[in-house]
Amino acid sequence: MIKKLINRLLGKPGPKQRRIGRAHTPRIVTVDEHRIDPTLLSRNAVKVTSTLQQAGYQAFIVGGAVRDLLLGIKPKDFDVATNATPDQVQALFRRSRIIGRRFQIVHVTFYGGREQEIIEVSTFRALVDAIASETLPEGRRMKRAELDTKTHAIDASGRVLRDNVWGSQAEDAERRDFTINAMYYDPAAQTVHDYHHGMEDIRARTLRMIGDPVTRYREDPVRMLRVVRFAAKTGFDIDEATRQPIAGLASLIHNVPSARLFDEMLKLLMSGHAWASLQELRKAGLHKGLLPLLDVALEQPMGERFVQLALDNTDRRVQAGKPVSPGFLFAALLWHHVLQRWSKLREEGEHAIAALNTAMDMVLERQTGQLAIQRRFVTDMRDIWGMQPRFEKRVGRMPFRLLESPRFRAGFDFLHLRCQSGELPAELAEWWQAFQDAAPDQREDLIDSLRAARGPAADGEAPARKKRRRRSPRKSDKVSSRSDTDAGQDANPGRGQPEDS
Ligand code: ATP
Ligand code: MG
């Protein structure tokens, strides 16, 4: 530590600069060692690498796809890295376009039947320190001021703002996050180019940051979220030096633009390991910068159960290859906070529906400052939350109108989770399930049977009576501690999520 500090003060190269030299030549891993199954490859990704190679460029499948291939998992998407510039890449592919500002890449689109696959092609890039470092030849060196204004910029905390300085493959490997994410696969030669002992770490099942973890987290605090996501996804251990600085640096998450945080958070929640990732986030104290309101939910057993049920359900769907709805997920994550506010406002005498609207506004407003949930998802969240009181009004034409609502499915699935978590009696979700399943003429009977069970005097839900007085909160409005049944859990797999198509 002291040695590092003295070196830094004297301007001597630190371990990171030394590593640049050491990692200039990759270890070439052949098929008998890496054993990548060619059937897991995307034909389109191979087409992209071969087209680039035939045009005289270097081209490799890179990053998470190589990691997944080495683990025998079919990658969900394929990235390609090349020494061709975005313009040169674009010239080779008809259906391609350059996207991004902070990080220019080329999207090459392929259509096969109704399916569409986008291969992301990025040009080898160099590291901030490598670019400014004295170790580079004169022609490649850039002054910091020039970097800041042209292709590359960092802010006061060390965060990289723009990152479009082309570099060699070795430099490209150096600026990737984890050793297991920095391997390059050449499908033609069937070789893996390993710059940072990624193969060893795959075998040791370890997530290890390339370079000095503190610097790398400062450059891009999102890496703290990424390590959590990969740990949950692969079940790998996080190397101690990579894990240790996270708690102290967690507050840097606040410097990341909220839209980017939202993207990363979405990846994490859609990873198929959302619940495990959330636990890891909390352990690292990272959730405070993302979903600070989540603490409120997780503090109470019923809130925790609700979030766990929602995320477990999502994880099962992702793992089964089914679509999931982000609006539903965020509605679930923030529900107990809404519920708490809602109950309080009603206790203060506000009308149930008005109170719910106020509670939703309050929660969304506080949340948006930290993590900008996209507007279309916020609309879904409002719909799902706003529908909830209507499920408790099982009189007259109301259930029929609710059933016809375009968002009924999501609203019902949400209600189902509330019942499962013990917030509401299981009977309510069971009744709604029966109501949906029943033939139209049987639905009246279901409503009548409720009235009969309640008795005419107890029919407090009748709208005519309700209009005349502001009612005090009913028992059923409050969070009840009734235990749930698991009724409907498997009978209704599409809960709150888009229909399978
Ligand atoms: P996934 O399976 O979730 O797609 P991935 O590792 O492919 O995981 P991507 O976000 O697709 O993640 O990124 C592709 C590659 O780009 C990574 O494997 C890594 O090499 C590099 N990369 C992505 N984000 C960062 C980052 N913030 N810092 C450094 N390298 C990054
Ligand atoms: Mg990827």
Side-chain angles (χ1 to χ4, degrees), residues 16 23 26 40-42 45 60-82 99-100 102-105 107 117-130 154 158-163 165 167 169-185 192-196 198 201-202 207-213 215-236 242 246 249 252-253 255-257 260-274 277 318-319:
K16 194 162 144 194
L40 296 178
L41 287 169
S42 144
F60 300 87
I61 290 169
V62 70
V66 183
R67 174 198 68 220
D68 290 349
L69 288 168
L70 288 167
L71 292 171
I73 303 171
K74 192 173 176 62
K76 65 176 165 45
D77 47 47
F78 284 81
D79 298 323
V80 166
T82 177
I99 59 155
R102 179 184 179 271
F103 204 100
Q104 268 191 357
I105 54 175
H107 273 182
E117 185 178 9
I118 294 176
I119 306 292
E120 274 192 16
V121 186
S122 53
T123 306
F124 295 148
R125 283 170 169 76
L127 259 174
V128 191
D129 284 10
I154 55 172
R159 191 166 67 86
V160 175
L161 302 176
R162 271 200 302 286
D163 193 8
V165 179
Q169 188 182 5
E171 285 166 332
D172 189 79
E174 185 79 17
R175 54 163 287 287
R176 290 183 181 272
D177 44 11
F178 306 103
T179 59
I180 61 167
N181 281 351
M183 288 183 275
Y184 299 74
Y185 181 59
V192 170
H193 294 216
D194 179 9
Y195 283 85
H196 294 281
D201 284 338
I202 288 266
L207 275 157
R208 192 188 313 275
M209 182 71 90
I210 296 169
D212 169 41
T215 314
R216 303 304 311 280
Y217 290 134
R218 282 189 180 281
E219 276 170 11
D220 184 3
V222 161
R223 289 173 186 148
M224 297 190 278
L225 296 183
R226 291 176 58 82
V227 75
V228 163
R229 172 157 64 92
F230 295 133
K233 174 176 170 166
T234 57
F236 281 21
T242 299
I246 295 179
L249 298 174
L252 290 180
I253 282 286
N255 298 348
V256 180
R260 176 146 187 254
L261 275 187
F262 178 76
D263 286 348
E264 270 309 313
M265 193 62 188
L266 207 55
K267 277 196 189 176
L268 192 138
L269 292 171
M270 307 287 214
S271 64
H273 306 272
S277 300
V318 173
Q319 285 165 20

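Every number for a ligand or one of its atoms is a count from 1 in the order of the listing.
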Q) Any nitrogen or oxygen of Ala65, main chain or side chain, under 3.5 Å from a nitrogen or oxygen of ligand 1? A) no

Q. Within the structure, does Lys76 bring an N/O atom to less than 3.5 angstrom of an N/O atom in ligand 1?
A. yes

Q) How far is atom 30 (N) of ligand 1 from its nearest protein heavy atom, and which residue and atom is that? A) Asp177 N, 3.2 Å

Can you find a non-hydrogen atom of [X] under 4.0 Å from ligand 1?
| X | answer |
| --- | --- |
| Val222 | no |
| Glu219 | no |
| Phe230 | yes |

Q: Looking at Asp77, pick out the N, O or S atom nearest to the Mg ion (ligand 2) and give its name.
A: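 Result for Asp77 and the Mg ion (ligand 2): OD1.
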
Q: Evaluate the side-chain proximity of Leu69 to Pro75: yes if any heavy-atom separation is below 4.5 Å, no if none is.
A: yes

Q) Does the side chain of Asp172 come within less than 4.5 Å of Tyr195's, by heavy atoms? A)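 Sidechains of Asp172 and Tyr195: no contact.
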
Q. Is any side-chain N of the basic residue among Arg175 and Glu219 closer than 4.0 Å to the acidic one's carboxylate O?
A.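 No salt bridge links Arg175 with Glu219.
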
Q. Between Asn181 and ligand 1, which residue portion shows a heavy-atom distance shorter than 4.0 Å: side chain, backbone, both, or neither?
A. both

Q | Partners meeting side-chain hydrogen bond (donor to acceptor under 3.5 Å, both in side chains) with Gln319 (sequence neighbours left out) | A |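 Counting only residues at least two positions away or on another chain, Gln319 forms no side-chain hydrogen bond (donor to acceptor under 3.5 Å, both in side chains).
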
